[in-house]
Amino acid sequence: MIEQLEIDLDPQLLTLALTHRSYAYENGGLPHNERLEFLGDAVLGVVVTEFLYRSFPDLPEGRLAKLRAAVVNAHSLADVARSLDLGDVLLLGKGEVSTGGHDKSSILADAFEALLGAVLISSGRDAADRLVHHLFDPLVLEAAAMGAGLDWKTSLQELAAETELGSPSYRVTESGPDHDKRFEAVAIVANQAYPAGNGTSKKQAEQGAARNAFEAITGQVDA
């Protein structure tokens with residue numbers, strides 16, 4: 001990917017971007033990737049925000065903010081990192097390795113931001129922008145086309161208000177060990193529980209539950 005976009009990345013900076021603090025601490029306090037992550041986070045936010053601003057001139061600030069949040073979040077960043085196979089080359093401490101750190105969304109998201117920071121330092125702002133546009137422009141356009149699906153909880157809240165059903169509530173249960181949690185959420189609207197949503201985070205499960213409730217209520221209204 002980096003080579004295809006004609007980005008020259010300093011090998012030492014690449015190693016730094018892939019070095020998690022757990023590995024650094026276990027190896028005598030080596031430098032780790034958190035400073036690069038801080039830099040990459042700022043670049044990512046600016047580039048995606050500017051793309052949204054220029055691409056959707058008629059959208060209000062609130063909608064633009066929702067689109068950005070749908071794309072610039074730990075879940076999306078982790079998926080991008082997986083598409084680059086970053087998990088396979090991360091330098092992790094033994095504890096993180098034993099608990100599946102190579103595929104943890106939080107670690108992968110941070111590593112991608114660190115990689116972006118390394119690109120900025122190595123090859124400049126144009127190269128960093130090019131990488132972000134290549135990876136995230138399709139995600140932005142996909143999010144913009146989702147309509148209600150951009151934020152199912154907000155959409156369900158609005159639908160429940162329009163149909164005078166009252167505010168939705170959620171019942172969430174969790175299972176699994178700390179390093180591999182699974183969540184199940186049920187949306188309850190007007191004392192009726194709808195099919196559950198599942199996910200690896202409470203937010204993801206609630207979004208799935210909200211979608212199930214939204215689609216069910218919409219079908220009832222349209223019937």
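Residues: numbered from 1 along the sequence shown. Keep in mind it's a predicted model, so treat the numbers as computed, not measured. In what follows, every heavy atom counts, from backbone to side chain, and hydrogens, waters and symmetry copies are set aside.
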Provide the closest heavy-atom pair for [X] versus [Y] in the form atom of the first, atom of the second, distance.
| X | Y | result |
| --- | --- | --- |
| Gly199 | Gln204 | CA-OE1, 3.1 Å |
| Val43 | Ala128 | CG1-CB, 4.1 Å |
| Pro168 | Val189 | CB-CG2, 3.9 Å |
| Ala209 | Ala185 | CB-O, 3.3 Å |
| Ala160 | Gly166 | CB-O, 3.1 Å |

Is there a side chain to side chain donor-acceptor pair (under 3.5 Å) between Arg82 and Ser105? Walk through the geometry before answering.
CA-CA 9 Å; Arg82 291 185 182 100; Ser105 291; 3.1 Å; yes

Is it the case that the side chain of [X] and the backbone of [Y] share a donor-acceptor pair, with hydrogens and angles ignored and the cut-off at 3.5 Å?
| X | Y | value |
| --- | --- | --- |
| Ser83 | Val80 | yes |
| His102 | Gly87 | yes |
| Asp85 | Asp88 | no |
| Asp41 | Glu37 | no |
| Ser22 | Gly93 | yes |
| Ser98 | Gly95 | yes |
| Asn212 | Ala196 | yes |
| Ser76 | Val72 | no |
| Gln207 | Trp152 | yes |

Between [atom1] of [X] and [atom2] of [Y], what distance do you get to the nearest 0.5 Å?
| X | Y | atom1 | atom2 | answer |
| --- | --- | --- | --- | --- |
| Leu86 | Leu90 | CG | CG | 6.5 Å |
| Phe214 | Glu158 | CZ | CD | 8.5 Å |
| Ile217 | Leu159 | CD1 | CG | 5.5 Å |
| Leu18 | His32 | CG | NE2 | 14.5 Å |
| Asn33 | Asp110 | CG | CG | 7.0 Å |
| Glu206 | Leu156 | CD | CG | 11.0 Å |

Could you tell me whether Glu96 and Lys104 have a side-chain N and a carboxylate O separated by less than 4.0 Å?
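Salt bridge between Glu96 and Lys104, a charged N being under 4.0 Å from a carboxylate O: yes.
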
In terms of side-chain geometry, is the basic nitrogen of Lys94 or Glu26 positioned less than 4.0 Å from the acidic oxygen of its partner?
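No, no charged N to carboxylate O under 4.0 Å.
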
Same cluster (ILVMFWY, side-chain, under 4.5 Å), [X] and [Y]:
| X | Y | answer |
| --- | --- | --- |
| Phe38 | Leu131 | no |
| Leu91 | Leu13 | no |
| Leu135 | Leu141 | yes |
| Leu16 | Tyr23 | no |
| Val71 | Val46 | no |

Over 12 non-hydrogen atoms of neighbours within 6.0 angstrom of CZ in Arg35
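Atom CZ in Arg35 is not crowded, with 12 or fewer foreign heavy atoms closer than 6.0 Å.
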
Student check: side-chain heavy atoms of [X] and [Y] closer than 4.5 Å:
| X | Y | value |
| --- | --- | --- |
| Ser175 | Lys181 | no |
| Thr200 | Phe183 | no |
| Phe112 | Leu84 | yes |
| Val186 | Tyr194 | no |
| Val132 | Val48 | yes |
| His133 | Arg130 | no |
| His75 | Ser201 | no |
| Leu44 | Leu77 | yes |

Step by step, would you call Leu120 with Arg125 a side-chain contact (heavy atoms from CB on, under 4.5 Å)?
CA-CA 5 Å; Leu120 177 70; Arg125 176 64 190 272; 4.1 Å; yes

Candidate pair Leu139 and Asp79, rule side-chain contact (heavy atoms from CB on, under 4.5 Å), full reasoning:
CA-CA 11 Å; Leu139 301 181; Asp79 283 345; over 6 Å; no

Identify whether NZ of Lys or CZ of Arg in Lys153 sits under 6.0 Å from the centre of the six-membered ring of Tyr170 and within 45° of that ring's axis.
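The answer is yes, since Lys153 meets both limits relative to Tyr170.
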
